[in-house]
Amino acid sequence: MNKSLMRLAKEALSQKMLEVIAQEFAFSAQASNFKIEFPPDPTMGHLAFACFPLARNLRKAPPQIAKQLASRLLPDAIFARIEAVGPYVNFFFRPDWLAKGLLEAAKQDSFGASEEGKGKRILLEYSSPNTNKPLHLGHGRNNLLGITLARLFVEQGYEVIKANLINDRGIHICKSMLAYQKWGQEQTPEQAGKKGDQLVGDYYVLYDKKLKADPSLEEEARKLLQAWEEGNPQTLALWKKLNQWVYEGFRSTYQRMGVEFDRYYYESETYQGGRKLILEALEKGICQREDNGAVSIDLETDHLGKKILLRGDGTSMYITQDINTTYLKFKDYSPLDACLFVVGNEQDNHFKVLFKVLEHFGFAWANRLEHISYGMITLPEGKMKSREGTVVDLDDLMEEMKNLALLEIDKRGNFNQAPTEIKEATAEAIGQGAIKFFILRSGAAKEIQFNPKESLSFEGQTGPYLQYTHARLSSLLTKAEAKDRQRAQSFTQATSKERIEVQLLLQLAHYADILQLAAKERNPAVLTGWTYELCKLYNKFYYDLPILKAEQEVKLFRLSLTLAVRSVLAKSLRILGIQPLEKM
RNA sequence: GCGCUUGUAGCUCAGCUGGAUAGAGCAGUGGACUUCGAAUCCAAAGGUCGCAGGUUCGAAUCCUGCCAGGCGCACCA
């Protein structure tokens with residue numbers, strides 16, 4: 001599948017318009033002289049030719065141009081109706097043409113895929129947690145953004161490397177280590193009966209609590225960090241032990257969310273490496289030596305001020321380390337067409353600086369770096385604060401959502417006869433669907449306000465609504481006679497032309513462009529919005545028109561349409577990480 | 001103070017590379033289950049698109065200023 005049906009239609013239309021404009025106005029227009037758009041409402045038309053840009057060239061009023069052009073245009077194989085409305089010429093697709101072009105294709109798994117990224121490689125870093133506490137809702141947004149973008153890129157034909165840079169060293173983990181050392185009594189996660197990351201997180205909180213009574217702990221934590229840097233065996237052993245527990249905890253959270261990685265980078269292995277690159281730059285005169293021995297770079301001309309890259313004592317900083325990991329990514333995976341960092345917007349400035357520094361260092365790939373920034377998730381009370389216990393823990397949230405879903409399932413009783421594992425798995429899928437859709441439906445730049453009571457509903461614009469549509473439609477298909485279902489697979493005639501049916505076809509026709517746009521804009525919300533719209537259309541179709549009880553030829557068309565919608569819907573849901581359910 | 005970012009219906013959000021009457025969901029109101037799954041559908045209601053200028057045939061969309069929220073502005077990460 002190279003070109004989407006919609007693109008073919010646009011190209012055909014564009015060609016046609018060039019000819020007609022030449023005939024009617026003796027003006028040889030360029031395709032750039034006009035724009036083909038989508039009317040706000042499909043009842044007005046399916047494609048629109050706007051006459052504004054031509055008005056200048058032709059010195060005629062747009063409505064006049066539209067009228068003249070429309071009078072010249074005759075229906076053809078693609079368009080059934082063409083009419084001038086104000087300054088627009090509107091085109092209506094022939095439902096048969098849409099049906100023929102879509103009903104078969106949409107059932108293929110390759111539908112909507114593109115070769116845009118064929119032969120190209122993207123490295124996408126996301127998640128990148130600290131190892132001192134469990135993941136919270138903010139990480140959830142990061143993870144979901146990351147994994148969903150990865151799938152969108154794959155759909156565009158890119159080879160995607162999903163990388164996780166683990167912040168496994170530093171003062172934060174030393175705080176947990178210190179508290180554990182002092183008060184942990186060698187307790188293991190098994191003994192405590194909790195996940196490793198949760199256990200380690202408890203000690204991080206404990207450290208903070210104890211710190212209030214005993215400020216000298218801060219000094220002790222710093223000493224521990226020093227011991228770690230010096231390679232003290234006991235410290236290293238403790239560090240390894242706690243980190244291992246945390247990784248096991250993360251693994252289960254990741255798995256539950258459906259998040260995965262191809263490559264892990266560990267800060268403990270990379271944090272020193274940037275020094276060499278910076279010293280080289282210093283030799284080339286790109287960087288400057290400060291009075292106390294620190295190395296800085298002047299980004300004044302880039303309006304980013306002066307930045308220290310290496311401390312006076314020669315030790316690494318955050319940016320030192322990032323310079324190195326970025327360098328390593330290109331070393332490990334060259335050639336990369338893009339190298340993306342999914343990191344919260346509190347680091348917008350950091351990435352601006354980082355990218356600029358690498359540009360100054362002369363790396364040719366510096367212009368292929370991109371920060372995928374996203375807003376924080378806040379609570380009605382304000383910011384989440386781990387110290388005040390107002391953090392929404394991801395594991396807790398997922399569990400809570402699943403339990404809520406369980407209640408809803410019981411209320412309906414569809415699973416009363418089913419084994420509990422099936423019921424549980426369904427509840428889990430619904431809970432996940434609710435969380436994922438909720439987080440992915442708003443644009444990344446926006447802050448999300450998370451109100452536990454209201455945000456995670458199962459009705460309306462939600463993940464479960466999409467899953468319900470899929471289940472409902474699957475249920476319908478199982479009720480169709482096997483013989484009809486069989487025939488519907490390859491049935492491509494629009495034997496009925498109700499408005500809602502044409503709208504559904506039209507929605508399917510947009511799919512490929514939607515996927516492409518979502519990937520290009522790095523914005524999964526483009527897909528969530530489209531998918532919701534598809535479901536809305538289908539539910540209306542389902543409600544308004546009989547399917548199984550329709551007259552035979554109409555029934556086959558409607559079943560064929562249903563099969564097509566199910567296929568595309570299931571695929572969109574999978575890209576979003578939401579499980580399409582047969583029953584719920 | 002400087003930089004980035006957000007401000008659209010009571011609430012949560014689409015629309016923002018300028019175009020046809022600004023759209024959904026939730027909440028609230030009124031309807032639709034003897035009919036393919038009511039986690040659904042339909043209807044009415046709800047808006048000075050933060051404010052003020054400007055560019056344009058045309059601005060929620062672009063520019064400027066102001067107001068409000070968020071995030072940055074470390075030899076922290």
Side-chain angles (χ1 to χ4, degrees), chain A residues 35 37 39-41 44-45 48 50-53 55-56 61-63 85-88 90 130 167 169-172 267 290 292-296 303-305 307-322 344-350 352 373 375-376 378 382-383 405 408-409 411-412 414 430 434 438 441-443 445-451 454-455 457-469 471-480 521 525-526 528-529 532-533 535-536 538-550 555 558-559 562 583-584:
Chain A
K35 225 168 59 182
E37 351 184 310
D41 181 343
M44 301 166 75
C51 298
F52 304 100
R56 199 171 307 242
V85 180
Y88 294 91
N90 290 338
N130 290 345
N167 295 303
R169 52 137 252 135
I171 194 71
H172 52 82
E267 194 184 307
E290 296 292 306
N292 69 349
V295 179
S296 68
H303 306 289
L304 292 169
K307 289 289 154 185
I308 302 291
L309 302 181
L310 217 50
R311 288 198 194 96
D313 61 10
T315 57
S316 299
M317 304 166 57
Y318 184 51
I319 192 159
T320 319
Q321 184 263 130
D322 262 358
N345 64 7
E346 72 271 18
Q347 296 194 36
D348 284 357
N349 197 57
H350 167 73
K352 256 188 222 168
S373 170
M376 315 181 48
T378 60
K383 217 174 145 174
E408 293 294 317
I409 287 173
K411 211 157 79 187
R412 276 154 254 257
N414 287 341
I430 293 170
F438 175 73
R441 78 185 176 126
S442 4
K446 281 217 170 156
E447 231 171 75
I448 292 182
Q449 195 186 112
F450 178 78
N451 183 334
E454 294 163 19
S455 299
S457 150
F458 295 142
E459 285 166 22
Q461 253 176 31
T462 65
Y465 173 80
L466 310 185
Q467 290 170 309
Y468 174 78
T469 308
R472 181 188 226 191
L473 176 164
S474 299
S475 156
L476 176 88
L477 288 168
T478 60
K479 285 188 176 131
E521 310 261 300
V526 171
T528 55
Y532 171 72
E533 198 61 34
C535 289
K536 220 173 100 161
Y538 187 84
N539 279 317
K540 183 167 169 52
F541 162 75
Y542 181 94
Y543 188 88
D544 285 352
L545 303 169
I547 299 169
L548 297 178
K549 287 173 188 148
K555 174 166 65 176
R558 291 183 180 156
L559 279 175
T562 298
K583 188 181 164 193
M584 66 188 270

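Every chain is numbered from 1 and lettered A, B, ... according to where its sequence line falls, protein lines coming before strand lines. Everything numeric here is computed off the predicted structure, so don't read it as measured data.
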### Query
What's the CD-C1' distance between A:Q347 and B:rC73, to the nearest Å?
14 Å

### Query
Closer than 4.0 Å, any side-chain N/O of A:K307 to the OP1 or OP2 of B:rC73?
no

#### Entry: Check: A:N292 side chain, B:rC75 base, donor-acceptor under 3.5 Å
yes

### Message
To the closest 0.5 Å, what do you measure between CZ (A:F52) and NZ (A:K35)?
### Response
10.0 Å

### Summary
Which of B:rC36, B:rC41, B:rU12 is nearest the side chain of A:L548? It is B:rC36

### Task
With heavy atoms under 4.0 Å as the rule, sort A:P62 into base, sugar-phosphate or nothing.
nothing

### Task
Using a 4.0 Å heavy-atom cut-off across all strands, classify A:L545 as base, sugar-phosphate, or nothing.
base

### Message
For B:rC11, give the paired nucleotide (Watson-Crick: N1-N3 plus N6-O4 or O6-N4; G-U: N1-O2 and O6-N3; both under 3.5 Å), or none.
### Response
B:rG25

### Task
Mind checking A:A50 for me? I need base, sugar-phosphate or nothing, with any heavy atom below 4.0 Å counting as a touch.
nothing

### Task
Among B:rG69, B:rA39, B:rG37, find the nucleotide with the atom closest to the side chain of A:E408.
B:rA39

### Query
Closest to the A:E346 side chain: B:rA39, B:rC41, B:rC71?
B:rC71

### Task
Using Watson-Crick or G-U wobble geometry with both distances below 3.5 Å, tell me the partner of B:rG47, or none.
none

### Query
The side chain of A:P39 lies closest to which of these nucleotides: B:rA20, B:rA38, B:rA14?
B:rA20

### Task
Please report, rounded to the nearest Å, how far the P atom of B:rC13 is from the CD atom of A:E459.
19 Å

### For B:rA39, the Watson-Crick or wobble counterpart (both distances under 3.5 Å)
none

### Task
Please give the nucleotide sitting opposite B:rU17 as a Watson-Crick or G-U wobble pair, both distances under 3.5 Å, or none.
none

### Query
Taking atom types as modelled and ignoring hydrogens, do the side chains of A:T462 and A:Y532 form a donor-acceptor contact shorter than 3.5 angstrom?
no

### Task
Evaluate the criterion side chain to side chain contact (heavy atoms under 4.5 Å, CB included) for residue pair A:Y88 and A:M44; output intermediate values, then yes/no.
CA-CA 10 Å; A:Y88 294 91; A:M44 301 166 75; over 6 Å; no

### Message
Tell me the interatomic distance from A:Y88, atom OH, to B:rU21, atom C1', rounded to whole angstroms.
### Response
12 Å

### Whole-Å distance separating the CG atom of A:N349 from the P atom of B:rG70
19 Å

#### Entry: Sugar-phosphate only, base, or nothing, as touched by A:A48 at under 4.0 Å among non-hydrogen atoms
base

### Query
The side chain of A:M584 lies closest to which of these nucleotides: B:rC36, B:rG37, B:rA77?
B:rG37

### Message
Rounded to whole Å, please give me the gap between CG in A:N130 and C1' in B:rA77.
### Response
7 Å

### Query
Heavy atoms under 4.0 Å, any strand shown: does A:Y532 hit a base, just sugar-phosphate, or nothing?
sugar-phosphate

### Task
Answer yes if the side chains of A:E290 and A:S296 hold a donor-acceptor pair under 3.5 Å, and no otherwise.
yes

#### Entry: Options B:rC36, B:rA20, B:rG18, nucleotide nearest the side-chain atoms of A:I547
B:rC36

### Query
Between B:rC4, B:rC41, B:rA38, which one does the side chain of A:Y465 approach most closely?
B:rC41

### Message
Regarding A:N167, tell me which of base, sugar-phosphate or nothing describes its non-hydrogen contacts under 4.0 Å with the strands shown.
### Response
nothing

### Query
Does a side-chain N or O from A:K446 land closer than 4.0 Å to OP1 or OP2 of B:rG7, or not?
yes

### Summary
From CZ of A:F450 across to P of B:rC13 the rounded distance in Å is 12 Å

### Message
Students often get this wrong, so: under 4.0 angstrom with heavy atoms, is A:M376 touching a base, only sugar-phosphate, or nothing?
### Response
sugar-phosphate

### Message
Quick check: any donor-acceptor pair below 3.5 Å linking the side-chain of A:D41 to the base of B:rA20?
### Response
no

### Query
When you check the phosphate oxygens OP1 and OP2 of B:rA39, does a side-chain N or O of A:R412 lie under 4.0 Å from one of them?
yes

### Query
Checking all strands, does A:K383 fall into the base, sugar-phosphate, or nothing category for heavy-atom contacts under 4.0 angstrom?
sugar-phosphate

### Base partner of B:rC71, which must satisfy Watson-Crick or wobble distances under 3.5 Å
B:rG3

### Message
What contact category does A:P546 fall into here, base, sugar-phosphate, or nothing, at under 4.0 angstrom with non-hydrogen atoms?
### Response
base

### Message
In whole Å, I'd like the distance from the NZ atom of A:K540 to the C1' atom of B:rA38.
### Response
16 Å

### Task
Return the nucleotide paired to B:rA52: Watson-Crick means purine N1 to pyrimidine N3 with N6-O4 or O6-N4, wobble means G-U with N1-O2 and O6-N3, both under 3.5 Å.
B:rU64

### Query
NA contact type, A:G443, heavy-atom cut-off 4.0 Å: base, sugar-phosphate, or nothing?
sugar-phosphate

### Message
So is the aromatic ring of A:F52 stacked onto the base of B:rG19, judging by whether the centres are under 5.5 Å apart and the planes are under 30° apart?
### Response
yes

### Message
In whole Å, I'd like the distance from the CZ atom of A:F438 to the P atom of B:rA24.
### Response
21 Å

### Query
Once you round to the nearest 0.5 Å, how far does OH of A:Y468 lie from SG of A:C535?
11.5 Å

### Task
Identify whether any heavy atom of A:I430 sits under 4.0 Å from a base atom; if not, whether one sits that close to sugar-phosphate; answer base, sugar-phosphate or nothing.
base

## Note on the structure
Of B:rG19, B:rA39, B:rG25, the nucleotide closest to the side chain of A:Q461 is B:rG25

### Query
From A:L477 CG over to A:K479 NZ, what is the distance, rounded to the nearest 0.5 angstrom?
11.0 Å

### Query
Would one find a side-chain N or O of A:R472 under 4.0 angstrom from OP1 or OP2 of B:rA38?
yes

### Message
For a quick check of understanding: with a heavy-atom distance under 4.0 Å over all strands, which category does A:G312 fall into, base, sugar-phosphate or nothing?
### Response
base

### Message
Checking side-chain polar atoms at under 3.5 Å, does A:D322 have a donor or acceptor matched by the opposite partner on A:H350?
### Response
yes

### Task
Kindly say whether A:S373 contributes a backbone atom to a donor-acceptor pair with the side chain of A:N345 at under 3.5 angstrom?
no

### Task
Assess the side chains of A:Y318 and A:Q347: does a donor N or O sit below 3.5 Å from an acceptor N or O?
yes

### Task
Give A:I409 one of three labels, base, sugar-phosphate or nothing, depending on what nucleic acid heavy atoms sit under 4.0 Å from its own.
base

### Task
Side chain of A:Q449 only, please: which of B:rG25, B:rC75, B:rU12 is the nearest?
B:rU12

### Task
Assign A:N414 to base, sugar-phosphate, or nothing according to its heavy-atom contacts below 4.0 angstrom with the strands shown.
base

